[in-house]
Colleague: 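Just dropping this structure here.
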Amino acid sequence: KIHVVYAGTLDPRKGGAIAAAAAAQFLSAQYHVHIIGFGTSKDTYKLIDDIEQISKRTEAKITYDGLLSGNSYIEFLQKCHIGLSTQNPDADFNDTSFPSKILSYMANGLRVVSIRIKAIENSPMGKYLYYYNVQESENIAKAITKINLNDNYNSRAIIKDLNAEFLKHIKDLLKKSE
């Protein structure tokens, strides 16, 4: 199985969890979509109900795996292959806010599928992500299925290189200010 994870808020206004769940209906039995995250009890029950309905229409497996933190969260992510940064692209915060889950996914060895928005695409790691352009479940699923898990992609090495580049940049700035 190819394990795909959405980790984050279950808040329907953000749209990430339900978008990730809905993408499962366009995936084959080769995929398992995991939703982990936090929300109100109402949001959680609604998501679980949505997952039950979507499961009736797909060969892919889809589960809500609860709220994880610390080592449990890290261990869970490291068992997955693809992380989803699905969110409502029309939200006001998108032009200035970078989802930290992208860094968490990459630091744990995952490839990342994201909605194409400026704050993400123009970031230093933007060129290493896989994008979809429209927040529709079929588009998310297409982005997931286009990923070649057998290539030489190494998100941990990418993060390590970006960190070294950042530290060098900071040192150069400090030298200039002396």
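The residues of the chain are indexed from 1 along the displayed sequence. Computed from a prediction, not measured in an experiment: that's the story for all the values here.
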Colleague: Under the rule for salt bridge (Lys or Arg N to Asp or Glu O under 4.0 Å), what residues qualify as partners of Glu75, not counting sequence neighbours?
Modeller: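 Glu75: no salt bridge (Lys or Arg N to Asp or Glu O under 4.0 Å) contacts found.
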Colleague: Please report the closest heavy-atom contact between Ile147 and Arg111, naming both atoms and the distance.
Modeller: CG2-CD, 3.1 Å
Colleague: Got a second to check how far Glu138's CD is from Leu27's CG, nearest 0.5 Å?
Modeller: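 Rounded to the nearest 0.5 Å, the CD-CG separation comes to 10.5 Å.
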Colleague: Are Lys168 and Asp172 ion-paired here, with the side-chain N under 4.0 Å from a carboxylate O?
Modeller: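 A salt bridge is present here (some side-chain N lies under 4.0 Å from a carboxylate O).
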Colleague: What are the two closest heavy atoms between Ala23 and Ala141, and how far apart are they?
Modeller: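 Where Ala23 meets Ala141 most closely, the heavy atoms are O-CB, 3.6 Å.
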Colleague: Can you find a heavy atom in the side chain of Phe38 that is under 4.5 Å from one in the side chain of Leu10?
Modeller: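 Contact flag for Phe38/Leu10 side chains = no.
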Colleague: Using 30° and 60° as the class boundaries, would you call the ring planes of His3 and His81 parallel, tilted or perpendicular?
Modeller: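 Parallel.
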Colleague: Between Ile35 and Ile51, is any pair of side-chain heavy atoms under 4.5 Å apart?
Modeller: yes
Colleague: Is there a chain of hydrophobic side chains (I, L, V, M, F, W, Y, each step under 4.5 Å between heavy atoms) that links Ile48 to Ile62?
Modeller: yes
Colleague: Write down the atom of Gln135, the atom of Ala19, and the distance for their closest heavy-atom approach.
Modeller: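 That closest heavy-atom pairing would be NE2-CB, 3.3 Å.
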Colleague: Hydrophobic clusters here meaning ILVMFWY residues chained together by side-chain heavy-atom distances under 4.5 Å, can you tell me if Leu174 and Phe166 are in one?
Modeller: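 Looking at the clustering, Phe166 is in the same group as Leu174.
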Colleague: Please test His32 against Ile2 for side chain to side chain contact (heavy atoms under 4.5 Å, CB included), starting from the C-alpha separation and ending with a verdict.
Modeller: CA-CA 6 Å; His32 183 161; Ile2 297 171; over 6 Å; no
Colleague: Looking at Tyr130, I'd like to know if its OH atom is crowded, meaning that more than 12 non-hydrogen atoms belonging to other residues, nucleotides or ligands lie closer than 6.0 Å.
Modeller: yes
Colleague: For the pair Thr58 (side chain) and Ser55 (backbone), establish whether a donor and an acceptor sit closer than 3.5 Å, ignoring hydrogens and angles.
Modeller: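 Such a contact is absent between Thr58 side chain and Ser55 backbone.
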Colleague: Side-chain contact, heavy-atom cut-off 4.5 Å: Val113 with Tyr131?
Modeller: no
Colleague: Can you measure from CG (Asn108) to SG (Cys80) and round to the nearest 0.5 angstrom?
Modeller: 9.5 Å
Colleague: Using 0.5 Å steps for rounding, measure from the NZ atom of Lys175 to the CD1 atom of Ile170.
Modeller: 13.0 Å
Colleague: Indicate yes or no: at least one non-hydrogen side-chain atom of Tyr31 is less than 4.5 angstrom from one of Glu59.
Modeller: no
Colleague: Ignoring hydrogens and angles, tell me if any N or O in the side chain of Tyr64 forms a donor-acceptor pair with the backbone of Gly37 under 3.5 Å.
Modeller: yes
Colleague: To the nearest 0.5 Å, what is the distance between CD1 on Ile36 and CG on Leu68?
Modeller: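 Rounded to the nearest 0.5 Å, the CD1-CG separation comes to 5.0 Å.
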Colleague: Quick one: CD on Gln30 to OG1 on Thr145, what's the gap to the nearest 0.5 Å?
Modeller: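 It is 9.5 Å, given to the nearest 0.5 Å.
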Colleague: Under 4.5 Å between any side-chain heavy atoms of Leu103 and Ile159, yes or no?
Modeller: yes
Colleague: Tell me whether Val33 is reachable from Leu149 by hopping between hydrophobic residues (I, L, V, M, F, W, Y) whose side-chain heavy atoms are closer than 4.5 Å.
Modeller: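 Cluster IDs for Leu149 and Val33 match.
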Colleague: Provide the closest heavy-atom pair for Ser155 versus Tyr105 in the form atom of the first, atom of the second, distance.
Modeller: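 The answer is OG-O, 4.4 Å.
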Colleague: After noting the C-alpha distance and the side-chain angles of Ile82 and Ile144, does the key distance pass the side chain to side chain contact (heavy atoms under 4.5 Å, CB included) rule?
Modeller: CA-CA 8 Å; Ile82 300 167; Ile144 292 167; 4.0 Å; yes
Colleague: With rounding to the nearest 0.5 angstrom, report the CD1 to CG distance, Ile102 to Leu110.
Modeller: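 Here the rounded value is 12.0 Å.
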Colleague: Around atom CD of Glu165, are there more than 12 heavy atoms of other residues, nucleotides or ligands at under 6.0 Å?
Modeller: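 For Glu165, atom CD is not crowded (no more than 12 foreign heavy atoms under 6.0 Å).
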Colleague: Tell me, please, which residues at least two apart from Asp43 pass side chain to side chain donor-acceptor pair (under 3.5 Å).
Modeller: Thr40
Colleague: With sequence neighbours left out, what residues match Phe76 under ring-ring contact (aromatic ring centres under 6.0 Å, His included)?
Modeller: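 Phe76 satisfies ring-ring contact (aromatic ring centres under 6.0 Å, His included) with His34 once adjacent residues are dropped.
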Colleague: With side chain to side chain contact (heavy atoms under 4.5 Å, CB included) as the criterion, how do Thr86 and Tyr132 come out once you've worked through the C-alpha distance, each side chain's angles and the decisive distance to 0.1 Å?
Modeller: CA-CA 9 Å; Thr86 48; Tyr132 62 94; 3.3 Å; yes
Colleague: Tell me the closest heavy-atom pair linking Thr44 and Gly39, and the distance in Å.
Modeller: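 The answer is OG1-O, 3.9 Å.
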Colleague: Would a distance-only check, ignoring hydrogens and angles, find a side-chain to backbone donor-acceptor pair under 3.5 Å from Gln53 to Asp50?
Modeller: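 No, Gln53 side chain to Asp50 backbone: no donor-acceptor pair under 3.5 Å.
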Colleague: Find out whether Pro12 and Lys46 are in side-chain contact, i.e. whether some heavy atom of one side chain is under 4.5 Å from a heavy atom of the other.
Modeller: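 Of all side-chain heavy-atom pairs linking Lys46 with Pro12, none is under 4.5 Å.
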Colleague: Is the shortest side-chain heavy-atom distance between Leu84 and Val4 below 4.5 Å?
Modeller: yes
Colleague: Indicate, with yes or no, if Val5 and Phe26 share a hydrophobic cluster defined by side-chain heavy-atom contacts under 4.5 Å among Ile, Leu, Val, Met, Phe, Trp and Tyr.
Modeller: no
Colleague: When you look at NZ of Lys1, are more than 12 heavy atoms from neighbouring residues, nucleotides or ligands closer to it than 6.0 Å?
Modeller: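 Yes, the 6.0 Å shell around NZ holds more than 12 heavy atoms from other groups.
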